[in-house]
Amino acid sequence: MELPSETPLSSWLEGEARRQGRSPIVVAGSVVAPRNRWRLIAFGVVQGEHPNALLVLAPRKPERFEAAAEFIHESRRKILTAARSWR
């Protein structure tokens, strides 16, 4: 299997994860509000075995981002928004 080419976003994410000592990276794409709760619960299970894991939520539609960010904030988790940081 051939890996995809590096992109500015993937380079930024790799650098942030290394800088913060975070591994593994778990990606949840196409974020829909009703499923966010289940994603955070499942990620909590992953963190039980991998306390330094990093969750990346990747909404397919930009209009979904604010709702996802608000949910994360309300769950008292830290959030870093790549949309403003990696460009």
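None of these values were measured; they are calculated from a predicted model.
- Heavy atoms only, all atoms of each residue included: F43 and L55 are closest at CZ-N, 3.5 Å.
- Residues passing the salt bridge (charged side-chain N to carboxylate O under 4.0 Å, His left out) test with E70: none are found, sequence neighbours excluded.
- Closest of all the heavy-atom pairs between Q47 and A53 is NE2-O, 4.1 Å.
- For E49, there are no side-chain contact (heavy atoms from CB on, under 4.5 Å) partners two or more places apart in sequence or in a different chain.
- Listed by chain and residue number, I25, V56 satisfy the side-chain contact (heavy atoms from CB on, under 4.5 Å) test with V27 (two or more places apart in sequence, or in another chain).
- Listed by chain and residue number, nothing satisfies the side chain to side chain donor-acceptor pair (under 3.5 Å) test with S23 (two or more places apart in sequence, or in another chain).
- Under the side-chain contact (heavy atoms from CB on, under 4.5 Å) criterion, E14 pairs with R18, not counting sequence neighbours.
- Every residue two or more places apart in sequence or in another chain was checked for a side chain to side chain donor-acceptor pair (under 3.5 Å) with E74, and none qualifies.
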